[in-house]
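Here is the structure we will look at, set down as structure tokens.
So you know, we letter chains A, B, ... as the sequences are listed, proteins then strands, and number each from 1.
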Amino acid sequence: MTADASSPFPGWDGSIAGARALQAQLAAQVSLQDAFAEPLRTVAGFDVGFEDQGETTRAAVVLLDAGTRQPLESHVARLPTSMPYVPGLLSFRELPALLQALAMLSRPPDLAMVDGQGIAHPRRLGIAAHLGVATGLPSLGVAKTLLAGRFDEPGPERGDRNPILHRGELVGYALRSKPRCNPLIVSPGHRVSLETAVALTLRFLAGYRLPEPTRLADRLASRRDAAA
DNA sequence: GCGACAG
DNA sequence: ATCTTGTCGC
């Protein structure tokens, strides 16, 4: 047969050029208007790590109560790594495992917070935006470093931020989440506005550089001793 | 043409 | 991302 209907990337021919073309197409479906449940009940944090020298992709998801910020459940999905890391095409390498982890939740989250870029991406489709469009879930990206664009160093206090501009467009904010720590790169994924992406990130901070959803998923995806 | 380049 | 201990600084 030809195309695999179960593929997370419908229509993709497997090529680099094809992946970029698909990104441009999906990016047009991204909405930057706030459209998520209010009050927010739950938020899920996502991140990916690797085992066996990269041969196995390990995706982690942690569902938290939006009110208390306490974790409700967490899962880990393992899949054989299918492609190498190519700057700008991260989602084609990590999204399949992430979707697998998402499916393990007892219920869908009201919001998805992903370790990586939202629209702060060359073609406006970082992994957080890709996950949002692919699932229809509201999403935002919280990355540790910049991929595209530029910004001026934000002030030293928690909450200080500066815009990230790429080709003249505002695509996100460099946010100081904690004093003496490098700023977080925050951008909308899907159904979340630029301003709300920052507000949500601040809302889920709990004393660490990374917000709880992403911080907990990070540990589960990358620490050798993590259970589940 | 020369760098930069999420995880 | 991952390979990997201690160490400097707040």
Side-chain angles (χ1 to χ4, degrees), chain A residues 8 16-17 19-20 22-24 26-27 30 45-62 76-101 112-134 139-151 156-158 164-167 169 171-190 197 201 207-211 213-226:
Chain A
I16 297 301
R20 295 194 175 114
L22 181 54
Q23 288 185 318
L26 295 175
V30 169
F46 295 85
D47 191 28
V48 172
F50 296 87
E51 303 177 344
D52 311 320
Q53 300 168 146
E55 293 173 24
T56 300
T57 299
R58 173 174 164 175
V61 60
V62 178
V76 170
R78 278 170 239 261
L79 283 180
T81 301
S82 58
M83 76 173 266
Y85 166 67
V86 178
L89 300 184
L90 181 69
S91 62
F92 287 81
R93 170 178 164 85
E94 306 186 348
L95 191 55
L98 244 30
L99 295 179
Q100 199 80 231
M113 189 177 282
V114 187
D115 184 309
Q117 315 295 343
I119 62 169
H121 175 280
R123 288 167 295 283
R124 308 290 181 269
L125 197 82
I127 191 165
H130 197 155
L131 182 151
V133 170
S139 67
L140 75 152
V142 178
K144 295 181 284 297
T145 61
L146 187 70
L147 168 65
R150 45 180 286 281
F151 66 85
E157 305 300 307
R158 160 197 290 214
I164 295 174
L165 300 171
H166 181 252
R167 295 182 185 173
E169 290 178 44
V171 297
Y173 285 95
L175 174 70
R176 187 79 65 192
S177 57
K178 182 177 182 176
R180 300 186 311 285
C181 284
N182 290 322
L184 255 31
I185 306 302
V186 179
S187 63
H190 184 48
T201 299
Y208 297 89
R209 178 163 80 124
L210 300 180
T214 285
R215 188 180 74 84
L216 296 176
D218 221 272
R219 301 189 46 162
L220 202 51
S222 304
R223 290 196 50 169
R224 293 166 120 286
D225 57 297

Contacts of D218(A) and R180(A) projected onto DNA chain C by closest heavy atom; the upstream (5') one is D218(A)

Check the distance between [N]'s [atom2] and [X]'s [atom1] and give it to me in whole angstrom.
X: N182(A); N: dA6(B); atom1: CG; atom2: P; result: 14 Å
X: L210(A); N: dG7(B); atom1: CG; atom2: C1'; result: 13 Å
X: D47(A); N: dG7(B); atom1: CG; atom2: C1'; result: 8 Å
X: H121(A); N: dG7(B); atom1: NE2; atom2: P; result: 12 Å
X: R123(A); N: dA4(B); atom1: CZ; atom2: P; result: 19 Å
X: E51(A); N: dG7(B); atom1: CD; atom2: C1'; result: 15 Å
X: L131(A); N: dG7(B); atom1: CG; atom2: C1'; result: 15 Å
X: F92(A); N: dA6(B); atom1: CZ; atom2: P; result: 17 Å

Those residues at least two apart in sequence (or on a different chain) that pass salt bridge (Lys or Arg N to Asp or Glu O under 4.0 Å) with R176(A) are E153(A)

Report yes if some heavy atom in the side chain of R93(A) is under 4.5 Å from a heavy atom in the side chain of F50(A); otherwise report no.
-> yes

Are Q117(A) and V171(A) close enough that some pair of their side-chain heavy atoms sits under 4.5 Å apart? no

Self-check item: side-chain contact (heavy atoms from CB on, under 4.5 Å) evaluation trace for L98(A) with I127(A)
Solution: CA-CA 10 Å; L98(A) 244 30; I127(A) 191 165; 3.6 Å; yes

So the stems of DNA chain C, runs of at least three Watson-Crick or G-U pairs (under 3.5 Å), are none

Under a 4.0 Å heavy-atom criterion, DNA chain C is touched by chain A from dA1(C) to dC10(C)

Does [X] reach a base, just sugar-phosphate, or nothing at all? Heavy atoms under 4.0 Å.
X: F50(A); result: sugar-phosphate
X: G126(A); result: base
X: L146(A); result: sugar-phosphate
X: G141(A); result: nothing
X: L89(A); result: base

Phosphate-side-chain proximity, S91(A) and dA6(B), N/O vs OP1/OP2 below 4.0 Å: no

- Query: Taking only N and O in the side chain of K144(A), is any of them less than 4.0 Å away from OP1 or OP2 of dG7(B)?
  - Reply: yes

Just do the side-chain contact (heavy atoms from CB on, under 4.5 Å) check on L131(A) and L95(A) with the steps written out, would you?
CA-CA 7 Å; L131(A) 182 151; L95(A) 191 55; 3.8 Å; yes

- Note: K144(A)-D115(A) ion pair, threshold 4.0 Å (strictly below): yes

